[in-house]
Amino acid sequence: MLKVLLRSRMEALLNVLTGAGRTKKAQSKGKLVGFATLMLLSLFSLGTLFARIFEVLAAPLAMLGLGWLYFGMAAVMSFGLMIVGNAILAKHQLFEARDNDLLLSMPIRPIDILLSRLFLLYVVAVVIALPVAIPALLFWEGGLGVPGIAAFAVIFLLVLPLLNLAISSFLGWVIHLASNKAKNKSLISLVLTLGFLGIYMYFSFRMNSMLSSLAADPAMLEKSLGSAAPVVWAGRAIAEGRLDLMALLLGSAAAAFALCLWLLSRSFIRTATAKGSVAKAVYVERTAKLRSPGAALLIHELRRLWASPAYLLNGALGSFFTLAAAVYLAIKGRSLTALPEWEMLSSVFKPLILAGLCYMASLVFLTAPSISLEGKYLWLPKSLPVSSWEVLRAKLRLHMLIALPPLAILSVVTALTLDYQGQMLVLVLLLPTVFGMFSGFLGLFENLRHPNFNWINETQAVKSGASVLLTMFIGMGLVLLPILACLIFSDAVTPELMGWILLALLTVLSVLLYYWIRKKGVKIFEAL
């Protein structure tokens, strides 16, 4: 039975990666190649970010003979990324999966259900580790022998994923219990997840100060890491080919995973079937408010968003980042413009910052999974005494309500603190907001064309699937292409010109997508 469950988990994962929907029809080769390409591009984009980090670190650390620190830092970054990516997923996979009750009612051992779900989390952890591990290995200039390469493979493919399973499962269990007993589950999940992400980003941004300390006294840094001995062991196992340290780490990780599995197996049924505390219903007389159909549908969409931590975190995470960036710029922006180098480099940085604002706009994916999330209850909005256009418009209005105000705030703060003037001032005030509107139209367009109702938990619907991937990559492409055009055709193309071209293009595409949704999209929705 365990083999059947493992095969089922892998099929579900492949369905997500290949954009399979509710039907059982075989995917065409073109779609398979297309979605495989999108997933590889996604991993490549993340790997490019870490490649820039390791490219800077490799030469000086190799020169100082500090390979242990280089690979130790790579292990820490990889492990932190796994925790951020898997903690909430573990909560949904292990304790809140839609098919938990069905599987537990069948003659299947709970330990088999648990192992199959942990195996899926292991695969996800390995995939997350690759964009860090591969650049770290490629850019290292000190050379590695066969023992070092073996230690590298074991640490990144076994040790770190097993430790991640133990810690992510524990964190997922804590988040599940905390949110299950709280009145507002979404708020608890949101705070805890953003806390994990904030801690990871804090240590990532603190890396420059760590390197400054290293340059001053590298020996002192190694002594200070005594409390984090596994980091030193991992670095030395790879850089020096210490197979004894590799075996010690592998044994420790296996023991942590075994303990986690034992604890989870003892409480899995009770935790997975717990429905949480139910408050006693108290009748309170209130005057009913008369609302228009559009307002009522929008409130329904807002409640749907707030009731789903997965939807809120993944779909609206860009809005949280946007507000955080606005606060950071309001506090630190003036100190940046006060630097002596700012006046000389502002002509380069101002267009890049504008591109960053557009990228922030592309990170909000509220419409891309909005139809898929209806799942087996799609008949409910279709049976309401309102037009299909009203239902679709409510999803668009939700996106605009969540995405546009933070973008407008960030645009104004950026313009004021970084002294944008002339054409760039107009662009920084208009372009991110128009980009946010376009992302909403594009997400709903793609979800109408590629709905996915074949999901086990909501995380799968909002984090993957054809509509989400296509919306994400089209948005990234529209951010990167103007930058590449300015770099390649620097003599003929100015950032201002590319900004106006992009603004005009986004405006035209937004209008076309709006009318497509209004006419053909309504018919597609009614036929689903």
Side-chain angles (χ1 to χ4, degrees), residues 190 194 292 294-295 297-306 308 311-330 353-371 389-418 420 424-447 462 467-468 471-472 474-476 478-479 499-500 502-518 521:
L190 177 64
L194 290 179
S292 66
L297 288 170
L298 177 59
I299 291 174
H300 169 74
E301 291 292 332
L302 283 168
R303 289 174 177 169
R304 176 74 177 83
L305 174 66
W306 189 245
S308 173
Y311 190 22
L312 181 63
L313 282 169
N314 293 279
L317 190 59
S319 293
F320 294 110
F321 283 155
T322 302
L323 289 174
V327 173
Y328 180 82
L329 271 180
I353 292 172
L354 177 58
L357 298 185
C358 294
Y359 180 69
M360 289 284 192
S362 72
L363 292 178
V364 183
F365 301 110
L366 289 173
T367 52
S370 60
I371 295 174
W389 165 240
E390 288 287 351
V391 175
L392 297 180
R393 187 171 67 170
K395 298 181 184 299
L396 288 172
R397 292 172 68 187
L398 173 70
H399 176 93
M400 305 306 172
L401 181 63
I402 301 299
L404 299 190
L407 286 170
I409 293 172
L410 180 58
S411 295
V412 172
V413 171
T414 303
L416 292 176
T417 56
L418 301 184
Y420 279 84
M424 290 300 294
L425 174 62
V426 178
L427 288 172
V428 82
L429 292 175
L430 292 181
L431 188 54
T433 301
V434 174
F435 207 116
M437 295 175 63
F438 166 75
S439 295
F441 292 127
L442 177 65
L444 191 57
F445 167 77
E446 292 295 347
N447 204 202
V462 300
S467 58
V468 175
T471 303
M472 178 176 66
I474 292 173
M476 289 174 57
L478 288 174
V479 173
W500 287 114
L502 180 59
L503 180 61
L505 177 63
L506 291 174
T507 303
V508 172
L509 289 177
S510 297
V511 172
L512 293 175
L513 288 173
Y514 173 83
Y515 279 103
W516 186 93
I517 295 169
R518 184 71 177 84

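- Phe441 is not listed as a side-chain neighbour of Val511, based on a closest heavy-atom distance of 4.5 Å or more.
- Considering every non-hydrogen atom in both Leu429 and Thr433, the closest pair reads O-OG1, 3.9 Å.
- Val479 has its side chain out of reach of Leu502: every pair of non-hydrogen atoms, C-beta onward, lies at least 4.5 Å apart.
- Side-chain contact between Phe365 and Ser467: absent, with no pair of heavy atoms (C-beta onward) separated by less than 4.5 Å.
- Here the straight-line distance linking atom CG of Leu444 with atom CG of Leu366 works out to 11.5 Å at 0.5 Å rounding.
- For the pair Leu509 and Leu442, the minimum side-chain heavy-atom distance is 4.5 Å or more.
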Pair Leu478, Phe438 - check side-chain contact (heavy atoms from CB on, under 4.5 Å), show working. CA-CA 11 Å; Leu478 288 174; Phe438 166 75; 3.3 Å; yes

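- Minimum interatomic distance between Met360 and Ala325 (heavy atoms only, all atoms of both residues): CE-CB, 3.9 Å.
- Going from atom CG of Leu363 over to atom CZ of Phe320 covers 13.0 Å, rounded to the nearest 0.5 Å.
- Considering CD1 of Ile353 and CE of Met424, their distance stands at 9.0 Å, rounded to 0.5 Å.
- In this structure the side chain of Thr367 never reaches within 4.5 angstrom of the side chain of Thr471, judged on heavy atoms.
- Looking at every heavy atom in both residues, Ser439 comes nearest to Ala361 through OG-O, 3.6 Å.
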Worked verdict on Glu446 versus Val468 for side-chain contact (heavy atoms from CB on, under 4.5 Å): CA-CA 8 Å; Glu446 292 295 347; Val468 175; over 6 Å; no

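- The two residues Ala316 and Ile402 come nearest to each other via the heavy atoms CB-CG2, 4.0 Å.
- Residues Pro432 and Leu354 form a side-chain contact, since some pair of their non-hydrogen atoms from C-beta on lies under 4.5 Å apart.
- Contact record, Met476 with Tyr359: CG-CE1, 4.1 Å, taken as the closest heavy-atom pair.
- The distance from atom CG of Leu298 to atom CD of Glu390, rounded to the nearest 0.5 Å, is 11.0 Å.
- For the residue pair Trp389 and Ile517, the shortest heavy atom distance occurs at CZ3-CG2, 3.9 Å.
- Checked by atom type and distance alone, the side chain of His300 never pairs as donor or acceptor with a backbone atom of Ala394 at under 3.5 Å.
- A distance of 9.5 Å separates CG in Leu401 from CG in Leu305, rounded to the nearest 0.5 Å.
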Donor-acceptor contacts under 3.5 Å from residues 406-413 side chains, at least two apart:
unit_1	atom_1	unit_2	atom_2	d
Ser411	OG	Leu407	O	2.9
Ser411	OG	Val428	O	3.1

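- Arg304 meets the salt bridge (Lys or Arg N to Asp or Glu O under 4.0 Å) test with Glu458; sequence neighbours excluded.
- When atom types are taken as modelled, the side chain of Asn447 and the backbone of Ile371 share a donor-acceptor pair closer than 3.5 angstrom.
- The side-chain heavy atoms of Leu297 and Lys395, taken from C-beta on, include no pair separated by under 4.5 Å.
- Atom OG1 in Thr414 sits 4.5 Å away from atom CG in Leu357 (nearest 0.5 Å).
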